[in-house]
Amino acid sequence: MKYKILAVLIIIIYFFQPFFLPTGGIGADSLSYFGIASDLPNLKTNLFPLGYPVLLEMCHFFVKDYFWASKILNFVFIATILSFSYFKRFYFRETVLLLAGKTAFFVFCGVISEGPFIFFLYFLFYFLHQMFSGKKLYVNAVWASLMMICMFTVRYSGIYIYLSILIFLFFTFLKLRKEGFFKPLLLTAFLSGLGIGGYLLFNYLYFGSFTGENLRGTAGELMPMDVLRDLLGVSNVIDPYIGIKPASYSMASIGFQFLILGIDILIFRYFLTYYKKAKETSLHYFHILIWIMAATYAVFLLISGWLQNIEEMNTRMLAAANFCLFFSFLILYFQKESSDKLIWRVGCFFLVFLSLYSIKSPDNYLKNKNQILSQVSKFKDKKYIYNDERAVKNITIYNIPIINKSFSYQHTNKQKGELKQSLVGSIDPQIKWVKFDTVKNKSQVLYTSQLILD
């Protein structure tokens, strides 16, 4: 019963938490997804794959609001996973605790493509699990292929999950080629390859590039501090609950991240004791495949980050790898432990912690949105929005009781310019945000300083 209650609480918390954030969980990438969705059926860019924008546009057709469309999708994703797990009796306790962790919290509270990506990844787990269990091998192989293709259509990084399957097949060919699941897994790889290859070919023929690589540009100079922060971000992939990563490059910030690294090492040593016990289970190779998925995804994404102009390694970027490792651990934990008191208490504690931490300075998204909504109608002739208020800093001061110390921090989503840009982009995605003020016809640009927000 307690897991059913926690499942309901997870759905409620993830639905309502964004309303207490200044932007409602909407970021720069969210605006790009909204923009692509609002352009449909016209295709103007392949910087991001079409899967998530198509889902957004389908919901927008009914609610006529992109924020609410994203809320409906996240609700459907999380409720479907939990309902499926319960009625199919597919590791329900493990799934509830999995969704109480940091990865699910961040991806299902925000407006990001990791939401549908993790959704399809969970069902990929299910169909692979059925194959490794010897159940309806070829039927599940086809379904697994469909999940793999869907993952790629919402995030190009899905190619790394596909690559992990190929790596598994390559290194286990001699040993496992006579196993019942091997040929169905080959079929999954073949069908997935056809689907992914077909999508890449479409992109190349229509846009002239495979994944919008010509739009991202090359990465800037890679500084030692950038490498260090990325490596610390990758090391945090093992941690199911703590994903705090200050944006500051200060020594205090780096010192804090090394403290998190120490915790991550302890967690890895603890998890490793359970991972080693996978050899004693009938699903040993299922776990190995999941671990290969996590490692392949993390390593190749790290390399991609160094070669392309994408954000540094963090909880969001490495969500899939963390999801893989945590799910594997939970399955093995419940197979070996007779009591769930420890994992239950830890899971509940960190769900509360993440909820409170994310709204430590609560705001009112709907109020902010309504203020901007009344002004946007005046700027229907604008095609772009540019944040010209970057120099205006909003610094939050945090006081630490007992030791009577305080520290300041500049939150991105609390900066007036960023906030206005996110609000406008969600209200009217046809007003596209631009990073630099390079539009020659300035009359087409809406500057954030032209908007009033209390």
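Since the structure is predicted, the reported quantities are computational estimates derived from the model, not experimental observations. FYI, side chains are in, hydrogens and waters are out, and symmetry mates aren't considered; it's all heavy atoms of this structure.
Ile81 CD1 to Phe90 CZ: the interatomic distance, rounded to the nearest 0.5 Å, is 11.0 Å. Put simply, CG on Leu124 and CZ on Phe119 are 12.5 Å apart, with the number rounded to the nearest 0.5 Å.
The nearest pair of heavy atoms linking Gln17 to Cys109 is OE1-CB, 3.2 Å. Nearest heavy-atom pair across Met131 and Ala144 is SD-CB, 4.3 Å. When all heavy atoms of Met313 and Leu301 are compared, the pair lying nearest together is CE-O, 3.6 Å. Contact between Ile26 and Ser426 at its shortest, heavy atoms only, is CD1-CB, 3.5 Å. Here the closest non-hydrogen pair linking Ser235 and Leu261 is OG-CD1, 3.4 Å. Nearest heavy atom pair, residue Arg155 against residue Glu114, reads NH1-OE2, 2.9 Å.
Under the 3.5 Å distance criterion, with hydrogens and angles disregarded, no donor-acceptor pair is assigned to the side chains of Tyr91 and Ser85. Tyr156 and Asn203 share a donor-acceptor pair across their side chains, judged by distance under 3.5 Å alone. Donor-acceptor pairing under 3.5 Å is recorded for the side chains of Tyr160 and Ser304. No hydrogens or angles considered: nothing links the side chains of Thr296 and Ser164 as a donor-acceptor pair under 3.5 Å. Side chains of Tyr86 and Lys4: a donor on one and an acceptor on the other come within 3.5 Å. Of the N and O atoms on the side chains of Thr172 and Tyr285, not one donor lies less than 3.5 Å from an acceptor on the other residue. At a cut-off of 3.5 Å, with distance as the only test, no side-chain donor of Asp29 or Ser113 sits close to an acceptor on the other residue. Judged by distance alone, the side chains of Tyr122 and Thr95 do bring a donor and an acceptor atom under 3.5 Å apart. Between the side chains of Ser253 and Gln257, at least one donor-acceptor pair of N or O atoms lies under 3.5 Å.
Annotation: Trp433, atom CH2; neighbour count of heavy atoms from other residues, nucleotides and ligands within 6.0 Å is above 12. Around NZ of Lys135, the count of heavy atoms belonging to other residues, nucleotides or ligands within 6.0 Å does not exceed 12.
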Quiz item: Where do Ser157 and Tyr297 land on the side chain to side chain contact (heavy atoms under 4.5 Å, CB included) test, with the steps shown first?
Solution: CA-CA 8 Å; Ser157 57; Tyr297 193 87; 2.8 Å; yes

Practice problem: Please test Leu9 against Ile5 for side chain to side chain contact (heavy atoms under 4.5 Å, CB included), starting from the C-alpha separation and ending with a verdict. | Solution: CA-CA 6 Å; Leu9 287 175; Ile5 295 173; 4.2 Å; yes

Review item, side-chain donor-acceptor pairs of residues 329-337, under 3.5 Å, at least two apart:
| residue | atom | partner | partner atom | Å |
| --- | --- | --- | --- | --- |
| Lys336 | NZ | Glu280 | OE1 | 2.8 |
| Glu337 | OE2 | Tyr274 | OH | 2.6 |

Scan the side chains in residues 97-108 for donor-acceptor partners under 3.5 Å anywhere in the protein, sequence neighbours excluded, and list what turns up.
| residue | atom | partner | partner atom | Å |
| --- | --- | --- | --- | --- |
| Lys102 | NZ | Asn236 | O | 3.1 |
| Lys102 | NZ | Asn236 | OD1 | 2.7 |
| Lys102 | NZ | Asp239 | O | 2.9 |
| Lys102 | NZ | Ile242 | O | 3.2 |
| Thr103 | OG1 | Asn322 | OD1 | 2.7 |

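The side-chain contact (heavy atoms from CB on, under 4.5 Å) test applied to Val8 returns Ile12, not counting sequence neighbours.
Taking the six-membered ring for Trp and thresholds of 30 and 60 degrees, Phe181 and Phe168 have ring planes inclined between 30 and 60 degrees apart. Ring-plane geometry between Phe125 and Phe286 is classed as perpendicular, the angle between the planes exceeding 60 degrees on a 0 to 90 degree scale with a lower cut at 30. Classified by interplanar angle (parallel below 30°, tilted 30° to 60°, perpendicular above 60°), the ring pair Phe127/Phe123 is tilted.
The closest side-chain heavy-atom distance from Leu231 to Leu302 is below 4.5 Å. Annotation: side chain of Ile10 is not in contact with side chain of Ile13 (no heavy-atom distance under 4.5 Å).
Between Arg269 and Asp264 there is no salt bridge, since no side-chain nitrogen of the basic residue lies less than 4.0 Å from a carboxylate oxygen of the acidic one. A salt bridge does not link Arg345 with Asp340: none of the charged nitrogens is closer than 4.0 Å to a carboxylate oxygen.
A cation-pi contact links Lys71 to Phe19, judged by a cut-off of 6.0 Å to the six-membered ring centre and 45° from its axis. Because its NZ or CZ atom is not both nearer than 6.0 Å to the ring centre of Phe67 and within 45° of the ring axis, Lys369 does not count as a cation-pi partner of that residue.
Checking each of Phe349, Tyr357, Phe350 against Tyr241 for a ring pair (Phe, Tyr, Trp, His ring centres under 6.0 Å) leaves exactly one that passes, namely Phe350.
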